[in-house]
Amino acid sequence: MKKLTTFALMLAVSATVNFGALAGTPTVSESGQFEQKTGEDLYNSICQGCHMADGKGVESGAGFYPALANNLKLSSAGYPIYVVTNGYGGMPSFKNYLSDEQIAEVVNYVRTHFGNDYPEKVTLAEVKAVTKR
């Protein structure tokens, strides 16, 4: 299972790199953590390779990447925190690659962009309750 998660993460990052014209280039520290700090930078560097620049996702023969745009599942802050932290379906867990602060930033960004209007910010305490760090 660990190999599958690692492969999925590498695939997500490679997809981001392959869309270099569309996405920011992810930078990773020596510790293996992503260095981007803002939700927008994190999304552009990591997430948009699969979920697309407009957050509309894609479904093709190569796979299914769900839309984040106008996504009612994001109304509950716990859902995107859980998914980013633990992974879900084909999405890998980012718990070992993002700090709790980065998880909060990217979740807050997605919940307030792409037609989503969930203004209540995710708190660090809510993220820590899921990551247990």
Side-chain angles (χ1 to χ4, degrees):
M1 185 66 164
K2 185 175 181 180
K3 286 183 181 181
L4 179 61
T5 301
T6 302
F7 175 75
L9 179 62
M10 289 180 357
L11 182 62
V13 171
S14 70
T16 303
V17 173
N18 289 338
F19 289 107
L22 299 174
T25 303
T27 53
V28 180
S29 70
E30 289 183 21
S31 69
Q33 293 227 317
F34 288 97
E35 294 180 340
Q36 291 75 13
K37 299 294 180 204
T38 70
E40 181 176 20
D41 286 345
L42 288 160
Y43 183 86
N44 290 338
S45 296
I46 303 167
C47 310
Q48 86 171 2
C50 295
H51 295 285
M52 302 296 119
D54 59 7
K56 291 184 179 176
V58 68
E59 185 173 346
S60 69
F64 172 71
Y65 305 97
L68 300 174
N70 300 305
N71 190 326
L72 295 176
K73 290 181 179 179
L74 300 176
S75 66
S76 169
Y79 177 78
I81 294 169
Y82 178 85
V83 172
V84 172
T85 301
N86 298 299
Y88 183 76
M91 183 173 151
S93 164
F94 284 94
K95 179 179 180 178
N96 294 327
Y97 307 101
L98 297 174
S99 68
D100 292 343
E101 292 83 359
Q102 289 170 306
I103 292 170
E105 285 289 326
V106 75
V107 167
N108 283 326
Y109 178 78
V110 170
R111 293 182 76 232
T112 57
H113 288 78
F114 315 116
N116 298 311
D117 187 23
Y118 306 112
E120 56 284 340
K121 291 223 180 238
V122 168
T123 67
L124 194 53
E126 289 173 306
V127 174
K128 287 184 180 294
V130 176
T131 63
K132 301 192 186 332
R133 293 192 257 208

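What you see below is based on every heavy atom in this structure, not just the backbone, and it leaves out hydrogens, waters and symmetry mates. Numbers here are sequence positions counted from 1.
- Here the side chains of F94 and I103 are not in contact, with every heavy-atom distance at 4.5 Å or above.
- Between the side chain of D41 and the main chain of K37, no donor-acceptor pair closer than 3.5 Å is present.
- Rounding to the nearest 0.5 angstrom, the gap separating the CE atom in M52 from the OH atom in Y65 is 8.0 Å.
- Y118 OH: more than 12 foreign heavy atoms inside a 6.0 Å radius.
- Listed by first and then second residue, the salt bridge (charged side-chain N to carboxylate O under 4.0 Å, His left out) pairs involving residues 103-123 are R111-E120 (not counting sequence neighbours).
- Taking the side chain as every heavy atom from C-beta outward, Q102 and V106 never approach each other to under 4.5 Å.
- N44 contributes a side-chain N or O that, together with a main-chain N or O of E40, makes up a donor-acceptor pair within less than 3.5 Å.
- Linking Ile, Leu, Val, Met, Phe, Trp and Tyr residues whenever their side-chain heavy atoms come within less than 4.5 Å leaves V110 and F64 in two separate clusters.
- Contact of the Y97 side chain with the Q33 side chain is not registered, since no non-hydrogen atoms from C-beta on lie closer than 4.5 Å.
- Using a 4.5 Å heavy-atom threshold, the side chains of L98 and I46 count as touching.
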Could you pull out every donor-acceptor pair under 3.5 Å between side chains of residues 67-76 and any protein atom, sequence neighbours left out?
unit_1	atom_1	unit_2	atom_2	d
N71	OD1	K73	N	2.8
N71	ND2	A67	O	2.9
S75	OG	L72	O	2.8

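- Using a 30° and 60° split on the angle between ring planes, F114 and Y109 fall in the perpendicular class, above 60°.
- Here the rule is side-chain contact (heavy atoms from CB on, under 4.5 Å) with E126, and of I81, D100, V107 only I81 fits it.
- Side chain of H51 to main chain of K56: no donor-acceptor pair is present (N/O by atom type, distance under 3.5 Å, no hydrogens or angles).
- Among V130, T85, V84, the one residue that satisfies the side-chain contact (heavy atoms from CB on, under 4.5 Å) test with K95 is T85.
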